[in-house]
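Structure first, commentary second.
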Amino acid sequence: MRKSFYLQDTVEAARQLLGKLLVHRTPEGAAGGMIVETEAYVGAVDKACHTYNGISPRTEIMFAEGGVAYVYLIYGMYHCFNAVTGPAGEGDAVLIRALEPVFGLDLMRRRRGQRDLRKLCSGPGKLCQALAIGKPQYGLDLTGEELFIADFRTIPEELVARGPRINVDYAEEAVDFPWRFLVRDSKYVSRR
């Protein structure tokens, strides 16, 4: 994807990322999957966003110009991958919640210890494990050659479902923001 893709409105970027291909090239080989579920996070107005209360060492990269990776650890054990979006200083990103595995399947299965294709990348922590995305990828340029998002398929509007995000019960009014997007009827999403 060109840099300009990441500079658009974050909620619109979250929708447009459905059908794109997330790829990570490693010394072990390359693996990738089609994005089937995303969530938008907008720092200025969103109490669920990590940057709502300002910058921290963890979130510093979210204030960069869109087109870089924000990777963080949850529950002390799972990484989550986000594409930073918008102009520098905004603190916005799109969480990639689930992928439909496309290539590098044997590599993903080995990394996850999972044979079931539907369970390889059906959650943010699972897809990071399957694609070997972790803290070393924090801040990577998503227009580079190692970790990137590419055009793959176009998902028509009638196949897109939209609703509130998952696990943001603490976020007061932001709980109800309809900023989760998924490919309707995909068997690879994290939750229906």
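The model shown is predicted, which means the values in this text are computed figures rather than measured ones.
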What distance separates L18 CG from T154 OG1, expressed to the nearest 0.5 Å?
11.0 Å
With rounding to the nearest 0.5 angstrom, report the CD1 to CE distance, I55 to M62.
10.5 Å
Exercise: identify the closest heavy-atom pair between V189 and A98
CA-CB, 3.9 Å
Quick one: does L142's side chain get under 4.5 Å of Y6's, heavy atoms only?
yes
For P178 against R162, the heavy-atom pair lying closest together
O-NE, 2.6 Å
Do you know the tightest heavy-atom contact between M108 and A31?
CG-CB, 3.9 Å
For H50, check ring-ring contact (aromatic ring centres under 6.0 Å, His included) against everything at least two apart and list the hits.
Y70, Y72
Are the side chain of T85 and the backbone of T10 linked by a donor-acceptor contact shorter than 3.5 Å?
no
Who pairs with D185 by salt bridge (charged side-chain N to carboxylate O under 4.0 Å, His left out), at least two apart in sequence or on another chain?
none
Would V94 and E39 satisfy side chain to side chain contact (heavy atoms under 4.5 Å, CB included), going step by step from the backbone distance to the final call?
CA-CA 6 Å; V94 176; E39 289 181 346; over 6 Å; no
Please assess R15 against E157 for the test salt bridge (Lys or Arg N to Asp or Glu O under 4.0 Å), listing each intermediate value before the final yes or no.
CA-CA 9 Å; R15 159 55 188 105; E157 285 304 315; 2.8 Å; yes
Please round to the nearest 0.5 Å and tell me the distance separating atom CG of L182 and atom CZ of R97.
10.0 Å
Do E12 side-chain atoms and D9 backbone N/O form a donor-acceptor pair below 3.5 Å?
no
Of all the heavy-atom pairs spanning G43 and D92, show the shortest one and how long it is.
N-OD1, 2.9 Å
Heavy atoms, side chains only, cut-off 4.5 Å: are F103 and L21 in contact?
yes
Enclosure of R118 CZ (heavy-atom neighbours >12, cutoff 6.0 Å):
no
Filter on ring-ring contact (aromatic ring centres under 6.0 Å, His included), then keep only pairs touching residues 158-184, sequence neighbours left out; what's left?
F177-W179
V160 with I96, same ILVMFWY side-chain cluster at under 4.5 Å
yes
Flag yes if Y41 and Y52 sit in one hydrophobic cluster, no otherwise; membership is Ile, Leu, Val, Met, Phe, Trp, Tyr, and two members link when side-chain heavy atoms are under 4.5 Å apart.
no
At what distance, to the nearest 0.5 angstrom, does CG of L17 lie from CD1 of I155?
11.5 Å
How long is the span from the OG1 atom in T38 to the CZ atom in R180, to the nearest 0.5 Å?
9.5 Å
Do L159 and V102 land in one hydrophobic cluster if side-chain heavy atoms of ILVMFWY residues count as linked below 4.5 Å?
yes
What do you reckon, is NZ of K119 surrounded by more than 12 foreign heavy atoms closer than 6.0 Å?
no
One thing to verify: whether K187 and E100 come together as a salt bridge, which I'm taking to mean a side-chain N less than 4.0 angstrom from a carboxylate O.
no
Please report the interatomic distance SG(C49) to CD(E90), rounded to the nearest 0.5 Å.
11.0 Å
Carefully, step by step, assess Q8 and Q16 under the rule side chain to side chain contact (heavy atoms under 4.5 Å, CB included).
CA-CA 10 Å; Q8 67 178 309; Q16 288 187 20; 3.4 Å; yes
Single-linkage hydrophobic cluster F152~Y188, side-chain heavy atoms < 4.5 angstrom
yes
State, with a plain yes or no, whether a side-chain heavy atom of D151 is found less than 4.5 Å away from one of K20.
yes
Chi angles and distances behind the salt bridge (Lys or Arg N to Asp or Glu O under 4.0 Å) call for R25, E146:
CA-CA 5 Å; R25 292 183 175 140; E146 180 184 337; over 6 Å; no
Counting only N and O atoms by type, is there a donor-acceptor contact under 3.5 Å from the side chain of H79 to the main-chain atoms of V71?
no
For D46 and R165, run salt bridge (Lys or Arg N to Asp or Glu O under 4.0 Å): C-alpha distance rounded to whole Å, both residues' side-chain angles, the deciding distance at 0.1 Å, then the answer.
CA-CA 12 Å; D46 183 1; R165 295 165 298 178; 2.5 Å; yes
Measure across Q114 and L120 and return the closest heavy-atom pair with its distance rounded to 0.1 Å.
O-CD2, 3.5 Å
Less than 4.5 Å apart, side chain to side chain, heavy atoms only: is that true for M77 and L73?
no
Is there a path of hydrophobic side-chain contacts, each under 4.5 Å between heavy atoms of I, L, V, M, F, W or Y residues, that connects L140 with L7?
no
Is a side-chain N or O of D141 found less than 3.5 angstrom from the main chain of V68, in a donor-acceptor match?
no
Is there side-chain contact between L99 and L131, with at least one heavy-atom pair below 4.5 Å?
yes
Taking G54's backbone N and O only, do any of them form a donor-acceptor pair with T51's side chain (distance below 3.5 Å, no angle check)?
no
More than 12 non-hydrogen atoms from neighbouring residues, nucleotides or ligands closer than 6.0 Å to OH on Y138, yes or no?
yes
Does any part of the side chain of V183, heavy atoms only, come nearer than 4.5 Å to the side chain of E37, both counted from C-beta?
no
Closest heavy-atom pair, G123 versus S190, reported as atoms and distance to 0.1 Å, is CA-CB, 3.9 Å
Flag side-chain contact, heavy atom, 4.5 Å: L147 against F81
yes
Just so I know, are the side chains of K3 and E65 near enough to count as touching, which here means a heavy-atom distance under 4.5 Å?
yes
I would like to know whether R111 and E28 meet salt bridge (Lys or Arg N to Asp or Glu O under 4.0 Å); could you show each step before the answer?
CA-CA 11 Å; R111 288 171 175 158; E28 291 180 286; 2.9 Å; yes
